[in-house]
*Asks:* 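My questions all concern the structure below.
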Amino acid sequence: MERRSVNDALDDVVLIQRCRRGDTDAFGALVERYQDDLFNGIYRMVGNYQDSADIAQDVFLKAYQAIDSFRGRASFYTWIYRIAVNTCISRHRSLAARKANLHVPLATAGEDGAPDCDPPAPGPQPHQEAENREEYARAEEALAKLPEDYRIVVVLRDIEGYNYAEMAAMLDCSQGTIKSRLYRAREMLRAMLA
Amino acid sequence: MNCDDAKQLIMAYLDGELPSEEVSRLKEHLAACTACGRELAEQQRLIGAIKALPRAPAPESLARNISAAIVARPSGTARGFAWLKRYGALAASLAIAMVAAVLIAKSHKGADATRQTKDAPENVIARKEEQADLAMTFEEAEEKLAEAKAADEAETRAAAGEDITKKKLASRALEADAIAQAPARPVFDLVIEADSPSKCLDDLAEFLRGRGVNIVGKISSRRSVLFADLSRPSVGTEYETERFAADRRTDIIDQIVQSGKFRLAKPHKRGRPGEAASRAQLEQGDALPALEAAQEATRRSTLAILVVNRPAAEPPVAAEADAPAAEAADRGIPEPTQPDTQ
């Protein structure tokens with residue numbers, strides 16, 4: 001996701017202060033602001049649309065209940081994204097049997113119940129747009145096939161834009177582990193997309 | 001640099017994590033080696049493909065479900081999100097018009113025309129107004145609908161502009177409060193102790209410059225303080241200028257602590273930014289997040305490190321010989337291994 005401006009960060013502080021005083025509307029404003037980015041990040045980690053919706057709801061509810069513990073050292077989005085990563089990992093451990101078989105590639109969605117999303121800006125030619133969609137579908141399938149530990153680091157780095165230090169903090173491991181895992185994940189993706 | 005070394009560094013280079021001196025060496029190698037140039041291009045293409053994946057928008061029901069879950073909490077007297085209800089108010093006015101129209105059409109039969117519309121979702125909100133509005137004519141209902149629409153639009157405009165003035169005033173008030181409560185001493189990101197604080201400052205500055213950090217200034221009179229600018233890269237680095245310096249701050253502090261070259265002043269724990277007494281005093285109430293936000297606006301790009309004299313009874317700092325090993329570990333490069341098969 002794009003990094004927010006300083007003004008947005010100050011707005012978040014004001015909203016969070018209001019949440020702490022019981023203002024639900026303020027929390028609603030935070031949901032409105034971050035739900036798309038958070039859902040996208042979760043979907044890329046989990047690979048299943050309905051599970052992602054459940055997890056996103058769970059994450060926001062946890063954030064609401066724990067709003068007093070948010071200290072403001074990281075951005076609000078980073079804080080809830082960290083909750084999301086932990087929630088995805090614990091869900092994976094209890095729902096391991098479901099994770100692979102229900103994946104619907106978003107780039108070809110529509111037929112299977114998951115709503116269509118806006119494709120990235122394609123070239124003007126219809127056949128080029130079709131080729132792009134096919135390429136995105138292959139990349140999406142490859143990402144979904146990665147083991148979860150490897151998929152998460154790719155999502156954190158290439159989709160969410162976190163650096164190695166942030167990823168190590170989120171996943172409670174060393175930067176060396178992050179680098180190693182990311183390297184192997186990318187090698188696996190390259191092998192699948194070759 | 002040989003090709004094996006280069007392949008190890010390409011990933012960190014593309015991720016913006018390679019120290020500046022390594023970037024120069026890698027670029028020299030890439031300029032002369034087509035195989036590594038191809039490796040770079042392939043990795044770059046792969047990363048681009050992942051970044052370009054279409055975004056999955058949140059389901060429309062997500063915010064509604066969150067709102068309902070908050071309202072349903074056993075301890076809560078919370079209401080649902082107002083921005084969802086803005087659409088509900090308009091729907092309620094439509095329901096009033098619908099009810100009035102049905103009543104007029106069936107007025108001579110005396111039938112309870114509300115029964116069939118009563119259970120419509122829109123009428124859940126309109127129910128209270130139903131009784132009072134039974135005698136309303138259709139024209140009056142239309143008028144009321146137009147008023148509700150106008151009020152809704154005005155509210156939407158105000159919300160979208162989002163009392164920007166009010167918000168800014170509120171946040172400035174918070175900032176002013178927090179700054180007024182803050183002690184005169186600055187809040188430091190890290191507190192280090194050394195036998196010779198001024199020499200330690202020089203070592204620290206050299207350490208940070210080697211990691212692409214701009215040194216803004218050093219004070220070595222009554223206090224030994226180093227200030228670094230985290231928002232702008234020093235010449236030759238690939239560091240993104242758009243990133244929040246708070247994130248960079250965490251990264252730099254982590255590197256300083258893990259290098260083993262510098263000793264954190266007690267009672268601060270390893271791995272956590274040293275918290276000067278002034279910060280501890282701010283832990284009470286809501287001042288800390290507001291202060292941090294306020295300070296972030298100006299301090300977002302500044303790293304402040306205080307170096308103090310080590311107490312005489314303490315043993316000397318770890319030997320310099322350990323530092324190169326620690327530094328190498330800090331810049332650890334992954335070993336290429338065979339990927340797992342599924």
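These numbers were taken from a predicted model, which means no experiment stands behind them. Throughout, protein chains are lettered first and strands after them, A, B, ... in sequence-line order, and every chain is numbered starting at 1.
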*Asks:* How long is the span from the CD1 atom in Ile70(B) to the CD atom in Gln65(A), to the nearest 0.5 Å?
*Replies:*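 That separation rounds to 8.5 Å.
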*Asks:* Would you sort out whether Leu61(A) and Ile66(B) count as a side-chain contact (heavy atoms from CB on, under 4.5 Å), showing the intermediate values?
*Replies:* CA-CA 7 Å; Leu61(A) 193 57; Ile66(B) 294 166; 5.6 Å; no
*Asks:* If every non-hydrogen atom of Ala58(B) is compared with every non-hydrogen atom of Asp36(A), which pair is closest and at what distance?
*Replies:*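 The answer is N-OD1, 3.0 Å.
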*Asks:* For a quick test of reading the model, state the closest non-hydrogen atom pair linking Pro54(B) to Tyr136(A) and the distance between them.
*Replies:*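 The answer is CD-CB, 3.9 Å.
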*Asks:* Can you name the side-chain hydrogen bond (donor to acceptor under 3.5 Å, both in side chains) partners of Ser61(B), sequence neighbours left out?
*Replies:*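 For Ser61(B), no residue satisfies side-chain hydrogen bond (donor to acceptor under 3.5 Å, both in side chains) once neighbours in sequence are set aside.
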*Asks:* Please find the pair of heavy atoms, one from Glu39(B) and one from Arg190(A), that lie closest to each other, and give the distance.
*Replies:*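 In this case the closest contact between Glu39(B) and Arg190(A) is OE2-NH1, 2.9 Å.
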*Asks:* Taking atom CE of Met11(B) and atom OH of Tyr183(A), what is their separation to the nearest 0.5 Å?
*Replies:*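 Between atom CE of Met11(B) and atom OH of Tyr183(A) there are 8.5 Å.
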*Asks:* Select one option (side chain, backbone, both, neither) describing which atoms of Leu46(B) are under 4.5 Å from chain A's heavy atoms.
*Replies:*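 The answer is the side chain of Leu46(B).
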*Asks:* Is the count of non-hydrogen atoms from other residues, nucleotides or ligands lying under 6.0 Å from Asp68(A) atom CG greater than 12?
*Replies:*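 Yes, the 6.0 Å shell around CG holds more than 12 heavy atoms from other groups.
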*Asks:* Quick check for you: to the nearest 0.5 Å, what is the distance between Asp251(B) atom CG and Gln175(A) atom CD?
*Replies:*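 Atom-to-atom, Asp251(B):CG and Gln175(A):CD are 5.5 Å apart.
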*Asks:* At what distance, to the nearest 0.5 angstrom, does CG of Leu62(B) lie from CZ of Phe39(A)?
*Replies:*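 Reported to 0.5 Å precision, the distance equals 7.5 Å.
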*Asks:* Could you grab the distance from atom CD1 of Ile50(B) to atom CG of Leu143(A), nearest 0.5 Å is fine?
*Replies:*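 Taking CD1 in Ile50(B) and CG in Leu143(A), the distance rounds to 5.0 Å.
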*Asks:* Given that the side chain runs from C-beta out, which part of Ile42(A) has a heavy atom under 4.5 Å from chain B: side chain, backbone, both or neither?
*Replies:*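 No part of it gets close to chain B.
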*Asks:* Over all heavy atoms of both residues, which pair between Ala69(B) and Gln57(A) is shortest? Give the atoms and the distance, please.
*Replies:*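 Heavy atoms only, the tightest pair is CB-NE2, 4.2 Å.
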*Asks:* Starting at CZ of Arg55(B), measure out to CG of Asp37(A) and round the result to the nearest 0.5 Å.
*Replies:*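 If we round to the nearest 0.5 Å, Arg55(B):CZ and Asp37(A):CG are 4.5 Å apart.
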